[in-house]
Amino acid sequence: MSDCIFCKIVAKEIPAQIMYEDEFVLAFKDLSPQAPTHILIIPKTHVENFLEAAQHQGMNDQIFTGIANLVKEQGWNPNGFRVVSNCGSKAGQSVFHLHFHLLGGRELTWPPG
Ligand code: AMP
């Protein structure tokens with residue numbers, strides 16, 4: 001999608017600190033980190049949210065496989081991180097290209113705001 005900032009990151013038209021990449025997904029550091037570890041994992045294909053992703057065979061699985069590969073590759077402690085996706089503006093979604101936030105490296109409280 002031509003005016004989507006995350007599509008531009010996928011196309012390498014704008015820079016990002018890429019942490020993981022495979023055929024289907026890209027993971028990069030959030031510009032405005034909310035925790036010592038704050039990575040965004042996105043599908044390379046533009047979809048707005050995970051409900052739309054469910055219409056693409058295997059896409060949500062590919063994202064979660066990418067997250068697991070990233071955590072394994074980085075050697076992060078699996079005891080203490082959170083994966084969250086804001087679905088819609090009322091939930092705080094501000095970029096309408098599906099992304100999962102991976103947050104860790106500090107105590108994470110519940111419920112989130
Ligand atoms: P959300 O509010 O759930 O849609 O999350 C969007 C996230 O994208 C925010 O945490 C932003 O800090 C992050 N973000 C926006 N633009 C960029 C960018 N160019 N590179 C990295 N992260 C970004």
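Counting starts at 1 for both ligands and their atoms, in listed order. The structure presented is a predicted model; accordingly, all values stated were derived computationally and were not measured.
Remark: aromatic rings of His99 and His101 are close, center separation under 6.0 Å. Here the two rings, on Phe28 and Tyr20, have centers that are 6.0 Å apart or farther.
Here's the thing with Gly92: one of its N/O atoms is less than 3.5 angstrom from an N/O atom of ligand 1. Between His99 and ligand 1, at least one pair of N/O atoms sits closer than 3.5 Å. Residue Val95 has at least one nitrogen or oxygen atom sitting less than 3.5 Å from a nitrogen or oxygen atom of ligand 1, judged on distance alone. The distance criterion of under 3.5 Å between nitrogen or oxygen atoms is not met by Ile14 with respect to ligand 1. Taking only nitrogen or oxygen atoms, main chain and side chain alike, Asn86 reaches within less than 3.5 Å of ligand 1.
Gln34 does not count as a contact of ligand 1, since none of its heavy atoms falls under 4.0 Å from the ligand. Ala16 does not count as a contact of ligand 1, since none of its heavy atoms falls under 4.0 Å from the ligand.
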Requested in this report: Show your reasoning for whether side-chain contact (heavy atoms from CB on, under 4.5 Å) applies to Arg82 and Trp110.
Outcome: CA-CA 11 Å; Arg82 180 174 294 162; Trp110 193 263; 3.4 Å; yes
Query - Check against side-chain contact (heavy atoms from CB on, under 4.5 Å), Leu98 and Asn60 - result: CA-CA 10 Å; Leu98 172 62; Asn60 280 317; 4.2 Å; yes
Query - side-chain contact (heavy atoms from CB on, under 4.5 Å) evaluation trace for Val25 with Ile42 - result: CA-CA 6 Å; Val25 306; Ile42 69 172; over 6 Å; no
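Nearest protein heavy-atom contact of atom 4 (O) of ligand 1 is Ser94 N, 2.6 Å. Counting protein heavy atoms only, atom 7 (C) of ligand 1 is closest to Asp30 OD2, 3.5 Å. Of the protein's heavy atoms, Leu31 CD1, 3.7 Å lies nearest to atom 17 (C) of ligand 1.
Salt bridge absent: Lys44 and Glu23 never bring a charged side-chain N and a carboxylate O closer than 4.0 Å.
For ligand 1, the atoms sitting less than 4.0 Å from at least one non-hydrogen atom of Phe28 are 21 (C), numbered in the order shown with element in parentheses. Interface atoms of ligand 1 facing Ser32, defined by a heavy-atom separation under 4.0 Å, are 12 (O). Numbered from 1 in the order shown, with element, the atoms of ligand 1 that lie under 4.0 Å from a heavy atom of Lys29 read 21 (C).
Proximity of Phe6 to ligand 1, defined as any heavy-atom pair under 4.0 Å, is confined to the side chain (atoms from C-beta onward). The residue Phe96 has no part lying near ligand 1, judged by heavy-atom distances below 4.0 Å.
Nearest heavy-atom pair, Ile39 versus Ala27, reported as atom, atom and distance to 0.1 Å: CG2-CB, 3.8 Å. For Gly88 against Gln93, the heavy-atom pair with the smallest separation is N-OE1, 2.7 Å.
Phe81 is connected to Ile41 through a chain of hydrophobic side-chain contacts under 4.5 Å among Ile, Leu, Val, Met, Phe, Trp and Tyr, so both are in one cluster.
Under the 30°/60° scheme for interplanar angles, the aromatic rings of Phe100 and Phe50 are found to be tilted.
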